[in-house]
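Shown next, in structure tokens, is the structure this report addresses.
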Amino acid sequence: MTLKEIPVKIKNLPDIATDREAVDAALDLRREALALYGEEKYEEALGKVVEALRRLRDFSDFSHKEFRALLASLLFDLAETHFALKDYKQSEKELEMLFKVLEQLLKEDSERFGEWHVLAMELSTRILRSRKKTLDLLAKQQINTGVLYEKVNAGVAAATDKLVESLRKGAEMMAQTGDYRSAVRFYMEAIKLAKKRTGRVTRREVKMTIEMARVMMHSRSEMPRAKRLLTAVLPHAVSLENLDLEQEILGLTARIDEEMDHEPMWRSFVDRIQRAAKSRLGRGRKENAPENEENKADDSQK
């Protein structure tokens, strides 16, 4: 996450109490996110950035330049944090939205916002390189998985544990490339083989179930299923007396509940921002149209 100064001019904000409160809250949450990111607590940092974006829903004018400046900074933080979590597909989606917000800001003040565009381009390049590297590794991983399947089918008992880990690694890589559906299938197969191997639910099966639920959370339709899986595996984490796993399960369950409660408002917020950006772009084109016509007329006379 960038440690550069946010390009927001506080003095230019509207003199509206609710707007100031929303911006102050968002800035405080961003500072907390930066601290957590510095400690490599990426999941917690992500939560703070998302909450900061939610607080901005209370701002009165989504077309205001300072609002869009802060929004651009938070979108970059969101993309950078997902990149740190190796969720390249999600990071790429957030960059697409960031570029849309930056497009008009650059037209209004290229000197002020140019640096952020450069940062976004650099992150985009990193994402593409990381996805390509992951796809290359995934191809090799799938070959290894195929070999291990042959050994398991041939009755080599020791190969089962290696196959489980190979499937798990493959699932992680698929999630990184954005192939969430295939990742879930690989996790399910790994969990099934692991349970068959041990005859009980161990820490490994609990951990893989948590990882699978996290992947499922990328799809709103899969969130209820992810919650059911987490609820079902929680007693096993308790019986294992593993406090870290318990807290991770409870934390993800709370996030699912929160995402499902806020999703309609969140989608409405994004839609309103996009409409405001399109409206402003449309006005800019209309304003430039007479000037363009004049230039064409001048050119024709030459």
Any donor-acceptor pair under 3.5 Å from D19 side chain to S60 backbone
yes

Contact check, side chains of V49 and L29, non-hydrogen atoms, under 4.5 Å
no

For residues A175 and A183, report the shortest heavy-atom separation together with the two atoms involved.
N-CB, 3.9 Å

How about E111: does its CD atom have over 12 heavy atoms from other parts shown lying under 6.0 Å from it?
no

Apply the test salt bridge (charged side-chain N to carboxylate O under 4.0 Å, His left out) to residues E248 and R214: give CA-CA distance (whole Å), side-chain angles for both, the deciding distance (0.1 Å), then the verdict.
CA-CA 10 Å; E248 195 170 359; R214 197 185 299 278; 2.6 Å; yes

Between M174 and F186, is a side chain to side chain contact (heavy atoms under 4.5 Å, CB included) present by the stated rule, with each step listed?
CA-CA 9 Å; M174 286 173 181; F186 268 55; 3.4 Å; yes

With a 4.0 Å cut-off on N to O distance, would you call D161 and R204 a salt bridge?
yes

Closest approach of M216 to V184 (non-hydrogen atoms, all atoms of both residues)
CG-CG2, 3.7 Å

Please determine, by modelled atom types, if H218 and D87 share a side-chain donor-acceptor pair under 3.5 angstrom.
yes

Evaluation steps, salt bridge (charged side-chain N to carboxylate O under 4.0 Å, His left out), between D257 and K227:
CA-CA 9 Å; D257 289 338; K227 183 178 178 180; 2.8 Å; yes

Dump the intermediate steps for side chain to side chain contact (heavy atoms under 4.5 Å, CB included) on L70 and E66, then the final yes or no.
CA-CA 6 Å; L70 179 53; E66 302 313 320; over 6 Å; no

Side chain proximity check, R255 to M217, heavy atoms < 4.5 angstrom
yes

Apply the test salt bridge (charged side-chain N to carboxylate O under 4.0 Å, His left out) to residues R203 and D244: give CA-CA distance (whole Å), side-chain angles for both, the deciding distance (0.1 Å), then the verdict.
CA-CA 11 Å; R203 184 188 182 283; D244 289 340; over 6 Å; no

Side-chain contact, heavy-atom cut-off 4.5 Å: R200 with K195?
no

Between CZ on residue R55 and CG on residue L53, distance to nearest 0.5 Å
12.0 Å

Is a donor from one side chain sitting under 3.5 angstrom from an acceptor on the other, for T145 and S166?
yes

With heavy-atom distances below 4.5 Å as the criterion, would you say the side chains of L106 and F99 are in contact?
no

Heavy atoms, side chains only, cut-off 4.5 Å: are L102 and L98 in contact?
yes

Assess the side chains of Q90 and E94: does a donor N or O sit below 3.5 Å from an acceptor N or O?
yes

To the nearest 0.5 Å, atom OG of S91 lies from atom CD of Q176 at 12.0 Å

Measure centre to centre between the rings of Y88 and H82, then say whether the value is under 6.0 Å.
no

Show your working on salt bridge (charged side-chain N to carboxylate O under 4.0 Å, His left out) between R68 and E108 and close with a plain yes or no.
CA-CA 12 Å; R68 289 178 290 130; E108 295 172 19; 3.1 Å; yes

Is L36 reachable from L85 through a run of I, L, V, M, F, W or Y residues, each pair having side-chain heavy atoms under 4.5 Å apart?
no

Tell me the closest heavy-atom pair linking F62 and F67, and the distance in Å.
O-CD2, 3.3 Å

Do the non-hydrogen side-chain atoms of L137 and Q141 ever get within less than 4.5 Å of each other?
no

Pair listing, side-chain hydrogen bond (donor to acceptor under 3.5 Å, both in side chains) test, anchored in residues 123-132, at least two apart:
E80-R126, E92-R131, K132-D136

Euclidean distance, K93 NZ relative to I127 CD1, rounded to 0.5 Å
12.5 Å

Between A22 and L56, what is the shortest heavy-atom contact and its length?
O-CD2, 4.2 Å

Under a plain distance cut-off of 3.5 Å, with no hydrogens placed, do T18 and D58 share a side-chain donor-acceptor pair?
no

Would a hydrophobic clustering, with Ile, Leu, Val, Met, Phe, Trp and Tyr connected at side-chain separations under 4.5 Å, put I191 with V233?
no

Please evaluate residues S182 and R185 with respect to the criterion side chain to side chain donor-acceptor pair (under 3.5 Å), reporting the C-alpha separation (whole Å), side-chain torsions for both, the decisive distance (0.1 Å), and the verdict.
CA-CA 5 Å; S182 296; R185 287 203 303 269; 3.1 Å; yes

Nearest heavy-atom pair of L105 and A72: which atoms, and what distance?
CD1-CB, 4.3 Å

Answer with yes or no whether the hydrophobic clustering places V206 together with V164; edges join I, L, V, M, F, W, Y residues whose side-chain heavy atoms lie under 4.5 Å apart.
no

For the residue pair K48 and A33, what are the closest heavy atoms and their distance?
CB-CB, 3.7 Å

Separation between CD (Q142) and OH (Y149), nearest 0.5 Å, reads 11.5 Å

Pairwise side-chain contact, S73 with W116, heavy-atom cut-off 4.5 Å (strictly under):
yes

For a side-chain contact (heavy atoms from CB on, under 4.5 Å) with Q247, tell me which candidate from L245, L243, L250 qualifies.
L243

Check whether Y187 and L234 end up in the same hydrophobic cluster, where Ile, Leu, Val, Met, Phe, Trp and Tyr are linked by side-chain heavy atoms less than 4.5 Å apart.
no

Within the 3.5 Å criterion, strictly below it, is a donor on T177 or D179 matched to an acceptor on the partner's side chain?
no

Is it the case that T202 and E205 place a side-chain donor and acceptor less than 3.5 Å from each other?
yes

Any heavy-atom pair between the side chains of R30 and D77 that's under 4.5 Å?
yes

Distance from T253 atom OG1 to R228 atom CZ, nearest 0.5 Å?
12.5 Å

Nearest-0.5 Å distance, CZ of residue R168 to CG of residue L163:
13.5 Å

For K192, all residues meeting salt bridge (Lys or Arg N to Asp or Glu O under 4.0 Å), sequence neighbours excluded:
E189

Are L193 and M208 linked, directly or through other ILVMFWY residues, by side chains that come within less than 4.5 angstrom of each other?
yes

Salt bridge (Lys or Arg N to Asp or Glu O under 4.0 Å) involving R225 - partner list, sequence neighbours excluded:
E222

